[in-house]
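What follows is a set of notes on a single structure, which appears directly below.
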Amino acid sequence: MSKPKIAIFDFACCEGCQLQIVNLEEEILDLLGVADVVEWREAMSEQSDEYDIAIIEGSITREEDGERLKKIRSRAKVLIALGACATIGGVNKLKNNFDLDEVKKCVYGADAEKPHLATSMTKAVHEVVDVDFKIHGCPIDRKEFTYVVRSLLMGKTPEIPDYPVCVECKAAGNICRWEYGEVCLGPIIRAGCGARCPSSGFRCFGCRGYVDNPNVDAAKEVIEKYNLSVEDLKEKMILFGSKQEPTIYE
Ligand code: SF4
Ligand code: SF4
Ligand code: SF4
């Protein structure tokens, strides 16, 4: 039986999530034993239009990228969005808070109207094509990547946590960042990172996106308990939560 074919593609991003895959080192070799990587610009020169699993890093910020993504989708049996840029639009969606022409002038100055610098409002991958699985985070967690890909190669459906970071944070025995006067987004953000930031002394910035049904009322209770307002929370949600679905506190 032939091995499943995997192709990895990048759109607007810093390529940090692909770097996480490169850093898998020996585990990559294990994966190569059971699957063929047929296209991956960051690591090889070969290209192919035939693949079973397409892994998409980055968000869609140009009209032509949307068309490219649709072609990839039409060829792939399974499509995975890789990292926050792809799953929620990531930091690239900050742009959507401003007038597009102003943003272009700010970044490109006098060259803003050159055709090769054309840009559009940022979209996450699922806002352009159907996405089968999402690997969250900025950057992704290497173990989670391996788990998702291995599960798919074994014909299993990977289980991605749909509960808040607070669950993992409490289990880790951390003192809540709110006790330090910090606005932590853990109550509304999807777990799976092992509460990486609170466990390292930082608040959660929200890189894994919201849980499917964020408990907005519970988060409000936390805010009130610490004499802060929804505005304080919204301010912290801008980095990864700009124009993200579901829209909350709007
Ligand atoms: S999710 Fe973060 S690390 Fe990954 S490509 Fe986007 S900006 Fe880079
Ligand atoms: S709010 Fe943040 S620091 Fe507090 S328990 Fe939740 S994840 Fe941990
Ligand atoms: S704690 Fe929050 S910001 Fe940090 S990795 Fe986890 S989801 Fe991302």
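For ligands, and for the atoms within them, numbers begin at 1 and follow the listed sequence.
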Item to check | Protein residue, atom and distance nearest to atom 6 (Fe) of ligand 3, heavy-atom basis | outcome: C193 SG, 2.3 Å
Next on the checklist: Need the ligand 1 atom indices (1-based, order shown) with element for anything under 4.0 Å from a heavy-atom of G137.
Outcome noted: 1 (S)
Next on the checklist: Same cluster or not: I55 versus I135, using hydrophobic residues (I, L, V, M, F, W, Y) connected whenever any side-chain heavy atoms lie under 4.5 Å apart?
Outcome noted: yes
Item to check | Pairwise distance CG(N96) to NZ(K123) - rounded to 0.5 angstrom | outcome: 9.5 Å
Checklist entry - Between the main-chain N or O of A191 and the side-chain N or O of E168, is there a donor-acceptor pair closer than 3.5 Å? => result no
Next on the checklist: Are more than 12 heavy atoms, taken from residues, nucleotides or ligands other than K104, located less than 6.0 Å from that residue's NZ atom?
Outcome noted: yes
Checklist entry - For ligand 3, which atoms sit closer than 4.0 Å to a heavy atom of G206? => result 2 (Fe), 3 (S)
Item to check | Check: S229 main-chain N/O paired with K220 side-chain donor or acceptor under 3.5 Å | outcome: no
Item to check | R68 vs F9 side-chain heavy atoms within contact, under 4.5 Å | outcome: yes
Checklist entry - Does some side-chain heavy atom of L185 sit less than 4.5 Å from a side-chain heavy atom of M237? => result yes
Checklist entry - Under 2.8 Å from atom 8 (Fe) of ligand 2, protein N/O/S atom count? => result 1
Checklist entry - When the ring centroid of Y180 is compared with that of Y226, is the distance short of 6.0 Å? => result no
Checklist entry - Quick one: which ligand 1 atoms are inside 4.0 Å of a heavy atom on E15? => result 5 (S)
Checklist outcome for this item: So the atoms of ligand 1 within less than 4.0 Å of a heavy atom of C13 turn out to be 5 (S)
Checklist entry - Are D52 and K5 close enough for a salt bridge, meaning some N to O gap below 4.0 Å? => result no
Item to check | Proximal ligand 1 atoms for C138, defined as those under 4.0 Å from one of its heavy atoms | outcome: 1 (S), 2 (Fe), 3 (S), 7 (S)
Checklist entry - So R177 and E182, salt bridge (charged side-chain N to carboxylate O under 4.0 Å, His left out) or not? Walk me through it. => result CA-CA 5 Å; R177 300 313 301 174; E182 294 175 19; 3.0 Å; yes
Item to check | Numbering as shown, the atoms of ligand 3 that approach R208 to under 4.0 Å (heavy-atom distance) | outcome: 7 (S)
Checklist outcome for this item: Among non-hydrogen protein atoms, atom 4 (Fe) of ligand 3 lies closest to C197 SG, 2.3 Å
Next on the checklist: Considering non-hydrogen atoms of the protein only, which is the closest contact for atom 7 (S) of ligand 1, and what is the distance?
Outcome noted: C85 SG, 3.5 Å
Checklist entry - Of all the non-hydrogen atoms in the protein, which one sits nearest to atom 1 (S) of ligand 1, and at what distance? => result A84 N, 3.3 Å
Checklist entry - Of all the non-hydrogen atoms in the protein, which one sits nearest to atom 3 (S) of ligand 3, and at what distance? => result F205 N, 3.2 Å
Checklist entry - Among protein heavy atoms, which lies nearest atom 8 (Fe) of ligand 3, and at what distance? => result C207 SG, 2.3 Å
Checklist entry - Between E57 (side chain) and L82 (backbone), is there a donor-acceptor pair under 3.5 Å? => result no
Next on the checklist: Need the ligand 3 atom indices (1-based, order shown) with element for anything under 4.0 Å from a heavy-atom of I189.
Outcome noted: 7 (S)
Next on the checklist: Quick check against the 3.5 Å criterion: does S151 have a side-chain atom that pairs as donor or acceptor with the backbone of T157?
Outcome noted: no
